Number of protein chains: 2
Amino acid sequence: MQKTSKKELILYHARESFSKNGYELTALEAIAKECDITKPAIYYHFKDKAALYKAVICPEFTAVALKIEENTKMGNPIQRLENYIKIFGEFLISNPTFNAIFAREIANGSSTMPDECVEQLSRTIKQLISILNDGESAKTFTKEPPFLIQMMIVTTLTSYNTTQPLREKISQYVQNKTTQAEPNFHNIIDALSQKIIKGLLC
Amino acid sequence: MQKTSKKELILYHARESFSKNGYELTALEAIAKECDITKPAIYYHFKDKAALYKAVICPEFTAVALKIEENTKMGNPIQRLENYIKIFGEFLISNPTFNAIFAREIANGSSTMPDECVEQLSRTIKQLISILNDGESAKTFTKEPPFLIQMMIVTTLTSYNTTQPLREKISQYVQNKTTQAEPNFHNIIDALSQKIIKGLLC
DNA sequence: TATAATTTACTTACCGTTTAGTAAGCAAGG
DNA sequence: CCTTGCTTACTAAACGGTAAGTAAATTATA
C-alpha cells in the first residue's frame, strides 16, 4: 500500500484551507501543522504561497475544461447546452473546494487568477460560444451575449452552493408560509437548465 | 459651504478600499493616510475594523431594500419582476463599490455578513417571493425555488460587473470571429430580464 | 563491495514586515 | 475646566519567507 506523498498531503490541506478561508486567511503554518510537518517543508515543495495556490487550482480548471469538451460536442444545440450546464453543475457538486475557490475568483474579478487557469476557462467558454452559435444558425436560439449566458450558468450554480448558510439565515426572517422543502442541488441544475434553455429559444 | 465631516471621509475611503481590495487586504493605516489623518483617529470614530465595515455596507443594503420595496409593489407580476431586476441592476451600476463588496460576501457564503444586512437582504427576497407567488397564483409563472431566481438575477448581475477584466483576458484566448461589441450594462439588464421572465412563463 | 560524495526531504531558529489595536497626551472650543 | 477630536508613540501577534543544519537515502567511485 502506497503512502500518499507529503506533497500530495500539502496540496490536499491547502485546497481545504484556500476553499474554506480564502487566499489571504490561509496561513501556511496552519497547513503545515495539519500535515504534521513544518512550514519550511512547504517551501521545499513549492516556491511560495502563490505557487501553492496555483498548484491547487490549475488541475481543477483543466479537469473541468476537459469534461466540458468531452461532453458537449454531440447532439443538437439544446442537448449540448443541457449537457454543458449539467456537466458544469455536477463538477461543482463533486468538487466543493473548487466551487468555493472559483466563486471567490469571480467575485475578485479574477485579478489573482493564474493565466493558465484563464486559458483553461477559455476552453469551456469557447465550447459555449460554439453551442450558442450553432443554435443561432439553426434558428433554435436567439442571439445572446455568450458571457451573459456563461454568468447565468456558472455564477448561479456556484453561488447557490456557497450561499447555503445565508439562505438558512434569510429563511428565519422571511417566514415564507408556503415554504417548500429546499430543493437539492441536482434539482437546481435541472431547473436552471430548463429556465435558461426556455429563455434562449426562438 | 459645509465641509464633509472626517467620519464621512473615513467612510468614503473605507468603502473604496473594501470594495477594491476586500476586507482582509484593507489596511486601516492606508485609509487614514487617504483621509490625511492617523490610524487612531479611525478608532475614535469606529470601535474596530469590523464596525467600520458594518458602517460601510449596512446603509447600502438598507437603501437597496427600500428601493426594491418602493418599486415592485404595483402592476402585474411580469411588470413587477421586470422592475425588481431593473432596480437591482441599476442599483449595482450606480453603486459599484456595493456591487464588489456584495459579490465577495456571496462568494464567502456571507459568513461575515452582519445580521443587520441579512435582515435587509431578506426584505428584498420577501418582495421577490411575493412577486413569484402572485405570478404563480395568476397562472403567469411556473412554480420555482425563489432563491434560485434570486441567484440568477443577483449573482449574474454582480458577477457580470466584477468580471470585466476576466472577460477581456478570455477574449484574447477565444478569438471569437463573430465577436460582437461588448454590450453595455443596461443592455445586459434588459437581456437578463427578458430571459428570466421568458423562462418563468407558463 | 566498501566507502565517499551528493542529493532528498526535511527541521530548528530566525528575520522583517505588516497590521490591528491601545495608552497617553494635547490643542481648541464651549 | 472639561469635552471633542484628534496625534505620537507604542505593543503584540501573525505571517511570509530564509539561512543553516541534518539524518537518511541514493549514486558514484576506488
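What you are looking at is a predicted structure, and each value in this text was computed from that prediction instead of being measured. The chains referred to below are lettered A, B, ... by the order of the sequence lines, with proteins before strands, and numbering in each begins at 1.
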(message) Run the ring-ring contact (aromatic ring centres under 6.0 Å, His included) test against F18(B) and tell me which residues pass, sequence neighbours left out.
(response) Y23(B), Y53(B)
(request) Could I get the full list of ring-ring contact (aromatic ring centres under 6.0 Å, His included) partners for Y84(A), not counting sequence neighbours? (result) F88(A)
(message) Would S17(A) and T26(A) count as a side chain to side chain donor-acceptor pair (under 3.5 Å) here? Give the steps.
(response) CA-CA 6 Å; S17(A) 181; T26(A) 288; 3.0 Å; yes
Nucleotide N/O of nucleotides 12-16 of chain D paired with protein N/O under 3.5 Å:
unit_1, atom_1, unit_2, atom_2, d
dG16(D), OP1, T26(A), O, 3.1
dG16(D), OP1, K49(A), NZ, 2.8
dG16(D), OP2, L28(A), N, 3.2
dG16(D), N7, K39(A), NZ, 2.6

(request) For I42(B) and dT19(C), give me the distance from atom CD1 to atom P, rounded to whole Å. (result) 13 Å
(request) In whole angstrom, give the distance that lies between atom NZ of K33(A) and atom P of dT11(C). (result) 14 Å
Please write out each protein N/O paired with an N/O of nucleotides 22-26 of chain D under 3.5 Å, distance rounded to 0.1 Å.
none

Could you list all N or O pairs between the protein and nucleotides 7-10 of chain C that sit under 3.5 Å apart?
unit_1, atom_1, unit_2, atom_2, d
dA9(C), OP2, Y44(A), OH, 3.1
dC10(C), OP2, H45(A), NE2, 3.2

Would you give me the side-chain donor-acceptor pairs under 3.5 Å for residues 73-82 of chain A, sequence neighbours excluded?
unit_1, atom_1, unit_2, atom_2, d
N76(A), OD1, I78(A), N, 3.0
N76(A), OD1, Q79(A), N, 2.8
Q79(A), OE1, N76(A), N, 3.0
R80(A), NE, T72(A), O, 2.8
R80(A), NH1, D134(A), OD2, 2.9
R80(A), NH2, T72(A), O, 3.4
R80(A), NH2, S130(A), OG, 2.9

Could you tabulate the donor-acceptor pairs under 3.5 Å formed by side-chain atoms of residues 39-47 of chain B, not counting sequence neighbours?
none

Can you list the residues that meet the salt bridge (charged side-chain N to carboxylate O under 4.0 Å, His left out) rule with [X], with sequence neighbours excluded?
| X | value |
| --- | --- |
| E136(A) | K143(A) |
| R15(B) | E60(B) |
| E8(B) | none |

(message) Using the side chain to side chain donor-acceptor pair (under 3.5 Å) criterion, which residues pair with Q172(A)? Sequence neighbours excluded.
(response) none
(message) Once salt bridge (charged side-chain N to carboxylate O under 4.0 Å, His left out) is applied, what residue pairs with a partner in residues 160-170 of chain A remain, sequence neighbours excluded?
(response) R167(A)-E182(A)
